[in-house]
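Lettering of chains follows the sequences in order, A, B, ..., and the numbering in each one begins at 1.
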Amino acid sequence: MVLDFSSMEGKWQKAWYDARINESEPAPGTKKFFMIFAYPGVTGYLHVGHMRGYTVSDAIVRHKMMTGHRVLFPVGTHATGNGAISFARKVERGDPATMDILRSNGCPDETLDRLTDPVEVVRFFNEVYVNDYWKRFGFMSDWRRFTSTIYPDYTKFIEWQMLKLQAEGLLTQKPYYAPACVEHGPVAIDASETDISRGGDAEMLEYTILKFDFEDGRKLVAATLRPETVFGLTNFWVNPEVEYVDARVGDETWVVSRPAAEKLSLQMDSVEIVGSADGASFMGKRCTAPLTGRAIPIFPSLLCDPDIGTGLVMSVPSDAPVDWIGLVELRRDVEERKKYGITEAMIAEASPIAIIDTPGYGPLPAVEVTERIGIDSLDDERLDEATKEVYKTGFHKGVMNSSCGEFAGWQVEQAKDAVRGQMLDRGHASMFYDLSEVVLCRCGNRVLVKKIPDQWFIDYSNPALKKRSKEHALTMRIFPKEYYDNIQNVLEWYRERACVRLGNWLGTRFPIDRRWIVEAIADSTLYPIHYVTSRFVNEGKVAAENMTEEFFDYVLLGRGTPADVERATGVGQSVLDAIRSEFDYWYPLDVNLGGKEHMTVHFPVFLMNHVAILRPQHWPRGIIVNWYITSTGGKISKSKGGAQPIPDAAERFGVDAMRLFYAHIASLYVDVAWEDGKVESYSDRLERIWSFIGDLVSAEDSGPTDMDAWLAARMQSRLADLEGYMEAYDLRSYANDVFFEMAQDFKWYLKRGGGSAEAILGALRLWIPLMAPVTPHMAEELWERIGMNPFVSTVLLPKAELSEAATVEEKGERLVAALMEDISEILKVTSIRPSKIVLMVAPRWKHDMVGSAVASTDKNIDIGQLIKETMKSAPQEARREIPAFAKEIAMEVSRTPVDERRKAYVAVDELEALGRAKRFFSDQFGCEVHVFSADDPARVDPKGRARHARPGRPAVYVE
RNA sequence: GCGAGGGUAGCCAAGCUCGGUCAAAGGCGACAGACUCAAGAUCUGUUCUCGUAGGGGUUCCCCGGUUCAAAUCCGGGCCCUCGCACCA
């Protein structure tokens with residue numbers, strides 16, 4: 001590394017923050033731009049992947065700063081939930097992995113002791129995020145506005161938000177089933193296992209439990225995922241080796257497994273175990289199926305697991321391979337049958353009943369599939385796969401047949417809900433929720449599904465809210481385009497969402513019932529607003545306790561009079577009005593950027609809460625979704641690279657190189673694998689640019705040339721392209737032009753003999769500022785080096801000026817460059833070492849013909865007309881060529897859209913342009929070069945190449 | 001299952017919205033040359049294939065279609081990734 005990136009970074013960051021160019025002050029009358037990225041949850045150290053979205057945000061914000069906007073780009077942290085709590089617990093018990101991470105990130109021992117307190121954990125990581133990540137990357141954030149979701153003022157803001165939702169009639173209450181630890185209350189089940197120690201992949205299953213009347217009045221209770229198959233019931237399975245219990249539920253007695261009784265007791269009002277029931281005692285007896293009223297035999301099955309469902313199973317051999325094979329085995333196993341007194345006749349009675357017409361199958365899919373695969377034992381591992389196959393096709397494509405009473409002819413998918421609904425209505429069934437696998441809380445206790453009878457929800461299904469939100473989303477600038485389209489569907493499908501939770505969590509007490517804590521998604525929907533108020537709190541102008549409902553109503557909704565509000569809140573009118581006018585200045589939010597995980601969670605509720613609570617002029621204007629930096633083959637991890645602490649990576653690669661990596665490596669809308677080598681190549685690229693610019697400024701001034709105008713023109717057309725890219729937040733194209741293409745422009749300028757110090761400096765005064773959004777530190781350093789005053793970060797980029805003359809300049813150079821390639825190609829193919837190159841530009845009449853073709857405003861050029869017109873003016877000897885050439889030209893021009901033709905075919909004096917480039921060609925190919933017009937009698941053209949000359953493509957003769 | 005996105009030359013990755021200007025940007029890697037005592041770095045050129053004239057042939061997952069023309073539009077198939085709710 002020839003450049004000391006690290007000290008450059010420190011130098012400029014200090015300078016920026018000392019000069020406070022990052023601080024956001026409203027300036028009424030000027031353009032403003034307000035952007036945030038979704039704040040990180042405080043759960044530990046972040047990794048280099050997280051910096052992608054943050055860096056892109058900063059680059060966008062910096063570009064806005066340089067295009068005449070006041071910007072507000074605040075940061076904060078999300079500490080709600082139990083992330084910090086579980087982190088503190090891990091520190092407390094000295095969890096080796098956690099301690100290792102802390103130490104390898106350089107956390108001093110004396111700090112470790114502090115981190116057993118969740119609030120200290122939040123405080124600690126707030127510092128880490130701000131200092132080691134965001135400031136370290138040179139962000140233009142207004143640090144005075146930092147806030148965190150557990151700060152008292154934030155809490156007051158959330159209370160207000162919940163009160164507003166209630167006032168809008170958007171809070172509802174109803175029963176809810178949620179996974180919960182017996183000891184610690186509700187927990188989240190997710191793959192990262194933040195709350196739990198086992199079972200992150202578990203899913204919540206929705207069972208229907210069906211009650212079968214037994215002869216003594218008890219009910220045998222089976223759980224099923226396919227209630228519509230009751231019509232195909234032939235028998236009932238009970239495990240003869242299990243001790244079941246009698247459970248008193250309401251005024252009924254249910255027979256279920258002991259674990260099932262315990263689970264049910266969490267979900268039903270009164271469940272009391274009153275006795276036990278020996279599984280074997282039911283063998284060979286009968287019970288009565290719900291809905292059909294059929295009396296079916298009870299058979300033994302060791303597959304009935306007391307931990308799954310209720311431990312009792314209903315048997316549908318027509319569509320469940322396991323049930324069918326169970327019967328097959330039982331028929332075969334004379335011993336077992338004898339033991340429980342089950343006769344062949346009873347088994348025959350339990351023959352499968354066809355109930356579903358499944359496309360591609362006969363009437364009994366389970367029998368068919370097991371026979372086809374050759375399964376005849378319950379031990380066969382392929383049973384699972386057979387079950388999946390039958391279940392999938394039957395459920396999604398099947399139709400209930402005539403055995404299904406009133407449901408005959410129904411799609412199975414629809415029949416499921418209808419059949420269940422009927423049985424629920426008649427008291428034959430209940431709902432029961434269970435997890436698909438064993439889940440253990442961090443404390444070691446089982447996590448089970450628990451009924452919360454009075455759960456609060458935010459009602460996102462509210463039709464008016466949904467409609468307004470969808471309409472507003474159509475007016476927003478949402479990237480990528482695919483999400484702009486899809487958010488309509490997301491909003492459409494949104495239902496009510498639980499918004500508060502019980503238990504020991506960090507967060508805001510629910511103002512309507514303080515037993516609850518506002519849930520982590522619900523408290524981060526409207527929060528961009530709070531960056532306006534947080535500043536006043538952090539500066540001591542308002543205290544959290546004064547931030548009452550009246551306070552927020554006044555500053556955010558414009559309700560009440562200053563005098564009344566001052567009286568009610570104790571906040572002075574001048575402060576109230578300062579906050580209110582800042583809010584009016586900065587709001588609405590222009591862009592909210594967040595990772596793709598937010599697409600179905602945060603962004604929809606962010607949008608809907610704004611729409612629900614704020615006035616329309618304050619609804620958000622834009623969303624950008626970013627994809628992830630991953631590691632090769634998965635998440636960032638220690639073994640695969642990219643897991644080094646962010647400050648270490650910054651030190652190793654340089655912040656600007658990392659920023660360029662994030663900006664340029666790929667579109668923001670694809671996942672990218674982190675590779676150290678790639679980041680290093682961006683470091684190299686920056687060093688090359690650095691030394692290249694060094695060479696440019698230290699080179700001797702060789703005075704003005706024709707190329708100076710070209711360089712200036714080129715800069716303007718680059719500038720115009722770049723403006724377009726940033727309009728769509730396309731940072732990748734922007735970086736590609738600035739850091740790769742523009743360097744090529746300078747090289748071409750030099751190659752073509754340019755060398756004016758003034759022209760170069762003029763171009764650098766544009767190029768270097770254009771780098772600043774992406775690589776601000778190096779840009780500042782370069783800026784200083786070419787003798788400009790700091791800061792390049794606050795330079796106002798000019799608007800691109802595109803003139804006709806500039807277009808001609810560029811076209812002329814394109815002609816030269818294209819000709820270079822053509823000549824090289826010819827030399828390569830023919831292996832000629834040239835002693836002479838003759839260039840012949842197309843004759844006048846060909847240019848004229850192109851000119852009149854381009855002048856036509858018709859989409860399709862009239863060839864006849866073109867020929868006639870050209871015949872009039874073209875020289876006699878050209879006549880024979882005219883028709884064929886006219887056809888070519890007409891077809892070619894027709895392909896170019898009418899409004900682009902003028903620019904694409906702008907007329908260039910080729911003879912003059914090549915005349916100027918003669919020296920250049922001669923130097924490049926090391927031989928003499930002659931330029932003629934193709935109809936110049938003096939031309940040297942023994943092979944008759946001249947007739948190939950076309951406008952934009954001169955003929956070439958080499959010898 | 002529901003919903004979304006994707007499969008482009010050795011690798012990564014643009015292009016696909018608005019079909020032609022696409023053998024397809026850019027980067028990396030590889031090869032050759034320059035510089036150098038040498039290595040590295042840097043610079044220049046080449047990098048599907050054939051070709052003694054700027055051209056031809058075959059390509060953008062597979063099959064089929066629309067069109068004068070398809071990487072781009074339409075239909076079908078195969079494969080991959082992601083989100084799915086109290087998890088930020």
With 3.5 Å as the limit, what N/O pairs link the protein to nucleotides 55-59 of chain B?
unit_1: G55(B); atom_1: OP1; unit_2: Arg953(A); atom_2: NH1; d: 3.0
unit_1: G55(B); atom_1: OP1; unit_2: Arg953(A); atom_2: NH2; d: 3.2

> How far, in whole Å, is C61(B) from U8(B) if one measures between their C1' atoms?
Replying inline: 10 Å
>> Regarding Pro604(A), tell me which of base, sugar-phosphate or nothing describes its non-hydrogen contacts under 4.0 Å with the strands shown.
In response: nothing
> Could you state the OH-P distance from Tyr682(A) to C28(B), rounded to the nearest angstrom?
Replying inline: 9 Å
>> Both Val829(A) and His598(A) contact RNA chain B. Taking the nearest nucleotide for each, which residue is further toward the 5' end?
In response: Val829(A)
> Can you check the Gln744(A) CD to G45(B) C1' distance for me, whole Å?
Replying inline: 13 Å
>> In terms of relative ring orientation, are Phe661(A) and Trp674(A) parallel, tilted or perpendicular, with 30° and 60° separating the classes?
In response: perpendicular
> Between atom CG in Asn486(A) and atom C1' in C2(B), what is the gap in whole Å?
Replying inline: 12 Å
> Between Glu892(A) and Arg901(A), is a salt bridge (Lys or Arg N to Asp or Glu O under 4.0 Å) present by the stated rule, with each step listed?
Replying inline: CA-CA 11 Å; Glu892(A) 194 189 297; Arg901(A) 285 180 194 167; over 6 Å; no
> For C60(B), what is the paired nucleotide under Watson-Crick or G-U wobble rules, both distances under 3.5 Å?
Replying inline: none
> How is Ser667(A) classified with respect to the nucleic acid when contacts are heavy atoms under 4.0 Å: base, sugar-phosphate, or nothing?
Replying inline: sugar-phosphate
> At under 4.0 Å between heavy atoms, what does Val490(A) touch on the DNA or RNA strands: base, sugar-phosphate, or nothing?
Replying inline: nothing
>> At 4.0 Å (heavy atoms only), tell me whether Glu741(A) reaches a base, stays on the sugar-phosphate, or touches nothing.
In response: sugar-phosphate
> Between A88(B), C28(B), A14(B), which one does the side chain of Arg732(A) approach most closely?
Replying inline: A14(B)
> When the C1' atoms of A41(B) and G56(B) are considered, how many whole Å apart are they?
Replying inline: 41 Å
>> Check this for me: does any side-chain nitrogen of one of Asp684(A) and Arg688(A) sit under 4.0 Å from a carboxylate oxygen of the other?
In response: no
> Charged N to carboxylate O under 4.0 angstrom, Lys678(A) versus Glu680(A)?
Replying inline: no
> At under 4.0 Å between heavy atoms, what does Ser831(A) touch on the DNA or RNA strands: base, sugar-phosphate, or nothing?
Replying inline: nothing
> When the distance from CD of Glu492(A) to P of A4(B) is rounded to whole Å, what number comes out?
Replying inline: 13 Å
> Which part of the nucleic acid does Ala904(A) contact within heavy-atom distance under 4.0 Å: base, sugar-phosphate only, or nothing?
Replying inline: nothing
> OP1 or OP2 of A4(B) sitting under 4.0 Å from any side-chain N/O of Lys481(A)?
Replying inline: no
>> Distance check, C1' atoms only: A14(B) and G64(B), in whole angstrom units.
In response: 28 Å
> Between G26(B) and C74(B), how far is it from one P atom to the other, in whole Å?
Replying inline: 29 Å
> Looking at the side chain of His78(A), which of G26(B), G51(B), A88(B) is the nearest nucleotide?
Replying inline: A88(B)
>> Taking any heavy-atom pair under 4.0 Å as a contact, classify Arg495(A): base, sugar-phosphate, or nothing.
In response: base
> How is Lys678(A) classified with respect to the nucleic acid when contacts are heavy atoms under 4.0 Å: base, sugar-phosphate, or nothing?
Replying inline: sugar-phosphate
> Expressed as a whole number of Å, how far does the P atom of U72(B) sit from that of G83(B)?
Replying inline: 29 Å
>> Would you say Arg685(A) places a side-chain N or O within less than 4.0 Å of OP1 or OP2 belonging to G26(B)?
In response: no
> What nucleotide among U44(B), A4(B), C84(B) has an atom nearest to a side-chain atom of Thr600(A)?
Replying inline: C84(B)
> Has the side chain of Ser524(A) got a donor or acceptor atom that lies under 3.5 Å from a matching backbone atom of Ala520(A)?
Replying inline: yes
>> Between U66(B) and C16(B), how far apart are the two P atoms, rounded to whole Å?
In response: 25 Å
> Which one is paired to A70(B), where only Watson-Crick or G-U wobble pairs with both distances under 3.5 angstrom count?
Replying inline: none
>> Judged by each residue's nearest nucleotide on RNA chain B, which is more toward the 5′ side, Ala79(A) or His948(A)?
In response: His948(A)
>> Return the pairing partner of C31(B) with a 3.5 Å limit on both distances, Watson-Crick or G-U wobble; otherwise return none.
In response: G45(B)
>> Salt bridge check, Lys174(A) against Glu496(A): does any charged N sit closer than 4.0 Å to a carboxylate O?
In response: yes
> Roughly, in whole Å, what's the span from CD in Glu959(A) to P in A53(B)?
Replying inline: 16 Å
>> From CD1 of Ile665(A) over to P of A14(B), roughly how many Å is that when rounded to an integer?
In response: 9 Å
>> Could you tell me if Arg226(A) sits above the aromatic ring of Phe395(A), with its cationic atom closer than 6.0 Å to the ring centre and no more than 45 degrees from the axis?
In response: no
> If you measure from the P atom in U21(B) to the same atom in U36(B), how many Å do you get, rounded?
Replying inline: 45 Å
> Can a cation-pi geometry be assigned to Arg501(A) and Trp505(A), taking NZ or CZ under 6.0 Å from the six-membered ring centre and within 45° of the ring axis?
Replying inline: yes
>> Tell me whether Glu675(A) contacts the main-chain N or O of Gly677(A) through its side chain, where contact means a donor paired with an acceptor under 3.5 Å.
In response: no
>> Let's test this: given Watson-Crick or G-U wobble pairing with both distances under 3.5 Å, identify the partner of U81(B).
In response: A4(B)
>> Tell me which nucleotide, if any, is Watson-Crick or G-U wobble paired with U52(B) when both distances must be under 3.5 Å.
In response: none
>> Any strand counts, and the cut-off is 3.5 Å on both contacts for Watson-Crick or G-U wobble. Which nucleotide pairs with U17(B)?
In response: none
> When rounded to the nearest Å, what value does the distance between P atoms of C11(B) and C48(B) take?
Replying inline: 13 Å
> In whole angstroms, how far is the C1' atom of G26(B) from the CZ atom of Arg718(A)?
Replying inline: 12 Å
>> Any side-chain N or O of Lys596(A) below 4.0 angstrom from OP1/OP2 of G5(B)?
In response: no
>> Whether Lys596(A) engages the ring of Tyr669(A) as a cation-pi pair (distance to the six-membered ring centre under 6.0 angstrom, angle to the ring normal within 45°) should be assessed.
In response: no
> Rounded to the nearest Å, what distance is computed from the OH atom of residue Tyr391(A) to the C1' atom of nucleotide G1(B)?
Replying inline: 9 Å
